[in-house]
Amino acid sequence: MPTTNNYADQYHRSLTNPDGFWAEQASRIPWYTPPTQSQSTDADGLTRWYADGVMNTCYAAIDYHIEQGRGEQPALIYDSPATGQVRTYTYLDLRDEVARVAGMLRNLGVSKGDTVVIYMPMVPEAAFAMLACARLGAVHSVVFGGFASPELAVRIDDVRPRVVLSASCGIEFGTVIPYKPLLDAALAQSAYPPAHCVILQRPQCEAIMQSGRDLDWATLLARATPADCVPVLATDPLYVLYTSGTTGRPKGIVRDNGGHAVALAYSLEAIYDVRPGEVFWAASDLGWAVGHSYIVYGPLIYGCTAILFEGKPVRTPDAGTFWRVIADHKVNVFFTAPTAFRAIRKEDPEASLRRNYDLSSIRALFVAGERCDPPTLGWLDQILNIPVIDHWWQTESGWPMVANQLGLDPIPVKMGSSSKPVCGYDLQILDEDGQQLGPNQEGYVCVKLPLPPGFTPTLWHDTPRFRESYLNRFPGYYLTGDGGYIDEDGYVFIMGRVDDVINVAGHRLSTGEMEEIVGAHAAVAECAVVGIACPLRGQRPVGFVVLKDGQTITPEQLETELVTLLREQIGAVAYFRNALAVKRLPKTRSGKILRKTIRQLADGEPFTIPATIDDPAIIDEIRLVLASRKVGVAFGE
Ligand code: COA
Ligand code: AMP
């Protein structure tokens, strides 16, 4: 069948002949043994891609490009306004760094199939570590540096690493955040602490080492010899990345090697419209899926130059940082979360600082991670004379599910839409009973199986939970957890989560987990944690607590204790600032807490009091509490 660059043709083909479509895409990456089949079903009945293919992701991301003559091309640029450093690594440099870190891990007994936890700030060594694991066929699990010890401990216990790699500190807006005390506390809580931790000492803060367990990164590296790439099956795991679910136990999203590499290579060209040799920058964190896919693996697998940015969009040193990085490194395509631009816009409403820089290299801006509010999108359109593309995906998918595929013939933008389903994704909107809804009807956003390459095939050592969380609700479909609709022209509108997951400054968090922590406080009888609208962060969690009878603690004291507790248990990123004492929570007559009603009240969304409410007078009580504390955009926040 002749192929065109037309989105509708490509999309149709990807759904009617997925095996043929993905067999063609497989040739985008180097294989030691090319796969003879695209799609197959494993012993658990789950879809796997390229099952008999043999490859190595680190080879595809580095060594292969050197063999193709890209050795002298910059592969990774570390730009750190946090420390005032800029370092460029060519593909040859990167190979040498990564091979030595792999040698260091090998000396510690790490081999194919072993797991390694990486708890590090945005330093090049964190990317070397990821790629070094891939080189050995080991499985890495990066834990976001903003998480507190209990979050780290829970991940360590689930993944049971042979080694933890960490650093002495991170730097946030000029403040040095020591990591080692957090790691020590996590290991003290952990049931499966590893024999060794390797610590990168940064000059900003010296970590105190525990003799025997903790090892110095620089010393070990100096003794290491380079390690070669170890062939793995396409279906072998590359990494586990934990993401928030509806409870305190995060979900271990598994990424395989082969399908992941193919999907990312496809996305760089067909969605982001970059070419090998060009500069791709995703301003995110290695601790998130965006960081895995588009700071490290995607751009490198596709032969681009990737940027690793250690800084913030504002105050490092000013709201012109992003423009400076784009100009200095001649970035061609840029990707970040809308919250970053809301922060810039707040400090530089006219974006006047951009005039200090030559932004002529940039061709397109992609935003994702949360809904891009129309004022921010409009502002970006106005200040940048390039396509601004909102696109939608999640940790589970690892690459976009809905986008305007710029690498195909682009389609006109519709305000509020993340555009159309990406090739390979049969996106459908279902009602409560699993019936497919028609145009403009809002329901559950689902993907009809099979899921395309790159998508998590299952959860780490927990296929029953994978089925329970995503597949059982609507047989034959993957439940994304988002609500939305598709209009009469096929444009997708994502309206927000239908579960307990919220997005705070692009960080995915669980209000269910927060409720477990708040509810465990001795003074709390019951509680609800609700994600309300936040002008800068998109959403923020607010607690509503009912005190047990006879408590002497004041509401102010309780709030202070709960704020501290959430910070210690989840981390500062939770941005939990309010726990409001209320006499009762609004509930249905069957006892279900009406969280949506509370959120609508705080956000000032029009709503009707649910007919099922047990006591309508509670609504006014909640309104009074919100007004007295000025919590919620409806009450002047
Ligand atoms: N390590 C340690 N602490 C961290 C951290 C990290 N990696 N990331 C954030 N924190 C801390 C912050 O220091 C802050 O602590 P504080 O309460 O003591 O001040 C807290 O967590 C809240 O952080 P945040 O919500 O990020 O607020 P902020 O005021 O520090 O910055 C933005 C606001 C919008 C500038 C920032 O959130 C941002 O750059 N967002 C973009 C997010 C992003 O790229 N997401 C990836 C998805 S694509
Ligand atoms: P994460 O797994 O951290 O990438 O978060 C995924 C969730 O973020 C999705 O399920 C959505 O709820 C939300 N999200 C991501 N991108 C968008 C977008 N472009 N528009 C609306 N919501 C988004």
Side-chain angles (χ1 to χ4, degrees), residues 82 119-122 143-148 169-179 182 241-245 251 253 282-295 309-316 319 321-322 335-347 366-373 377 389-403 416-419 445 456 479-484 492-499 501-509 531 534-540 563 566-567 570-577:
Y119 181 60
M120 295 181 79
M122 288 288 286
V143 179
F144 175 57
F147 279 132
C169 63
I171 301 156
E172 290 288 308
F173 288 121
T175 305
V176 173
I177 314 234
Y179 274 34
L182 298 171
L241 179 61
Y242 288 86
T243 191
S244 296
K251 293 172 178 162
I253 302 301
S284 177
D285 191 285
L286 292 176
W288 306 117
V290 178
H292 282 60
S293 296
Y294 294 112
I295 297 177
F309 173 73
E310 186 183 27
K312 295 279 177 176
V314 290
R315 289 178 275 140
T316 52
T321 310
F322 275 11
F335 173 179
T336 194
T339 187
F341 282 113
R342 286 196 295 270
I344 294 174
R345 188 178 174 207
K346 194 161 164 247
E347 300 210 356
F366 284 82
V367 287
E370 52 169 327
R371 181 175 168 267
C372 189
D373 51 296
L377 202 61
I389 309 290
D390 180 17
H391 64 325
W392 173 77
W393 54 299
Q394 48 186 201
T395 307
E396 289 83 344
S397 68
W399 65 291
M401 296 189 276
V402 172
S417 166
S418 308
S419 296
V445 181
T456 186
L479 176 72
T480 66
D482 281 288
V492 180
F493 292 76
I494 301 295
M495 304 307 287
R497 298 288 303 196
V498 292
D499 56 14
V501 169
I502 58 169
N503 235 291
V504 184
H507 310 315
R508 174 166 160 181
L509 299 164
C534 171
L536 175 62
R537 291 176 172 77
Q539 281 181 297
R540 72 177 183 98
V563 167
L566 268 285
R567 207 178 160 90
I570 298 181
V573 283
Y575 202 75
F576 183 87
R577 301 286 158 116

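One-based numbering, in listed order, for ligands and for the atoms of each. These numbers come from the heavy atoms of this one structure, side chains and all, not from hydrogens, waters or symmetry mates.
You'll find the side chain of Met122 reaches within 4.5 Å of the side chain of Leu286, heavy atoms only. With a 4.5 Å cut-off on side-chain heavy atoms, Phe309 and Thr336 do not count as touching. Here the side chains of Arg342 and Asp373 are in contact, with some heavy-atom distance below 4.5 Å. Put simply, the side chain of Val314 reaches to within 4.5 Å of the side chain of Phe173, judged on heavy atoms. Thr395 is not listed as a side-chain neighbour of Lys251, based on a closest heavy-atom distance of 4.5 Å or more. By the 4.5 Å heavy-atom criterion applied to side chains, Ile344 and Phe322 are counted as neighbours.
Rounded to the nearest 0.5 angstrom, Thr316 OG1 and Glu172 CD are separated by 10.0 Å. The distance from atom NE2 of His391 to atom OG of Ser417, rounded to the nearest 0.5 Å, is 13.0 Å.
For atom 15 (O) of ligand 1, the nearest non-hydrogen atom of the protein is Ala572 CB, 3.5 Å. Among all non-hydrogen protein atoms, the one lying nearest atom 47 (C) of ligand 1 is Gly506 O, 3.6 Å. At the top of the distance list for atom 36 (C) of ligand 1, counting protein heavy atoms only, stands Lys312 NZ, 4.4 Å. The nearest protein atom to atom 31 (O) of ligand 1, hydrogens excluded, is given as Phe173 CE1, 3.8 Å; this is a heavy-atom distance.
Between Arg537 and ligand 1, a contact under 3.5 Å exists for at least one N or O pair. For ligand 1, the polar-atom distance check finds no N/O of Thr336 at less than 3.5 Å from any of the ligand's N/O atoms.
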Notebook entry, point to check: When you look at Val445 and Trp392, which way does the side-chain contact (heavy atoms from CB on, under 4.5 Å) test go after all the steps?
Noted result: CA-CA 12 Å; Val445 181; Trp392 173 77; 3.7 Å; yes
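Heavy-atom separations between Phe335 and ligand 1 are all 4.0 Å or longer. Look at Gly170 and you'll find every heavy atom at least 4.0 Å from all atoms of ligand 1. Ligand 1 lies nowhere less than 4.0 angstrom from a heavy atom belonging to Gly369.
Counting the atoms of ligand 1 from 1 in the order shown, those under 4.0 Å from a heavy atom of Ala283 are 44 (O). Taking every heavy atom of Pro313 and a limit of under 4.0 angstrom, the matching atoms of ligand 1 come to 35 (C), 39 (O). With ligand atoms numbered from 1 in the order given, ligand 1 contributes 17 (O) to contacts under 4.0 Å with heavy atoms of Arg577. Heavy-atom proximity to Ala505, at under 4.0 Å, picks out these atoms of ligand 1: 25 (O), 37 (O), 40 (N), 42 (C), 45 (N). Each of the atoms 26 (O) of ligand 1 lies under 4.0 Å from some heavy atom of His507.
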Distances for all N or O pairs of ligand 2 and the protein under 3.5 Å?
| unit_1 | atom_1 | unit_2 | atom_2 | d |
| --- | --- | --- | --- | --- |
| ligand 2 | 2 (O) | Thr395 | N | 2.8 |
| ligand 2 | 2 (O) | Thr395 | OG1 | 2.5 |
| ligand 2 | 2 (O) | Arg508 | NH1 | 2.6 |
| ligand 2 | 8 (O) | Gly369 | O | 3.4 |
| ligand 2 | 8 (O) | Asn503 | ND2 | 3.0 |
| ligand 2 | 10 (O) | Gln394 | NE2 | 3.0 |
| ligand 2 | 10 (O) | Asp482 | OD2 | 2.4 |
| ligand 2 | 10 (O) | Arg497 | NH1 | 2.7 |
| ligand 2 | 12 (O) | Asp482 | OD1 | 2.6 |
| ligand 2 | 12 (O) | Asp482 | OD2 | 3.3 |
| ligand 2 | 16 (N) | Gly369 | N | 3.0 |
| ligand 2 | 19 (N) | Asp390 | OD1 | 2.8 |
| ligand 2 | 19 (N) | His391 | O | 2.7 |
| ligand 2 | 20 (N) | Glu370 | O | 3.4 |

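Which of Ala289, Gly291, Ser284 comes nearest to atom 46 (C) of ligand 1 through a heavy atom is settled by distance: it is Ser284. Comparing heavy-atom distances from atom 18 (O) of ligand 1 across Arg567, Lys346, Glu172 singles out Arg567 as nearest. Residue Thr339 holds the heavy atom nearest to atom 41 (C) of ligand 1 of all those in Leu286, Thr339, Leu182.
Annotation for Gly291 and Ser284: closest pair N-OG, 3.9 Å, computed over non-hydrogen atoms.
In summary, the aromatic rings of His507 and Tyr575 are positioned with their centroids too far apart to meet the 6.0 Å limit.
Under the 4.0 angstrom criterion, atom 23 (O) of ligand 1 counts as lacking any protein heavy-atom contact. Protein heavy atoms are found less than 4.0 angstrom from atom 11 (C) of ligand 1.
Only one option out of Trp399, Phe366, Trp393, Trp288 pairs with Tyr294 in a ring pair (Phe, Tyr, Trp, His ring centres under 6.0 Å); it is Trp393.
Contacts with ligand 1 closer than 4.0 Å are made by side-chain heavy atoms of Val290 only, the backbone lying farther away.
The existence of a salt bridge linking Arg537 and Glu370 is excluded, since no basic side-chain nitrogen approaches an acidic carboxylate oxygen closer than 4.0 Å.
For the ring pair (Phe, Tyr, Trp, His ring centres under 6.0 Å) test, residues two or more places apart in sequence or in another chain that qualify with Tyr179 are Tyr119. For the side-chain hydrogen bond (donor to acceptor under 3.5 Å, both in side chains) test, no residue two or more places apart in sequence or in another chain qualifies with Asn503. For the side-chain hydrogen bond (donor to acceptor under 3.5 Å, both in side chains) test, residues two or more places apart in sequence or in another chain that qualify with Arg508 are Thr243, Glu396.
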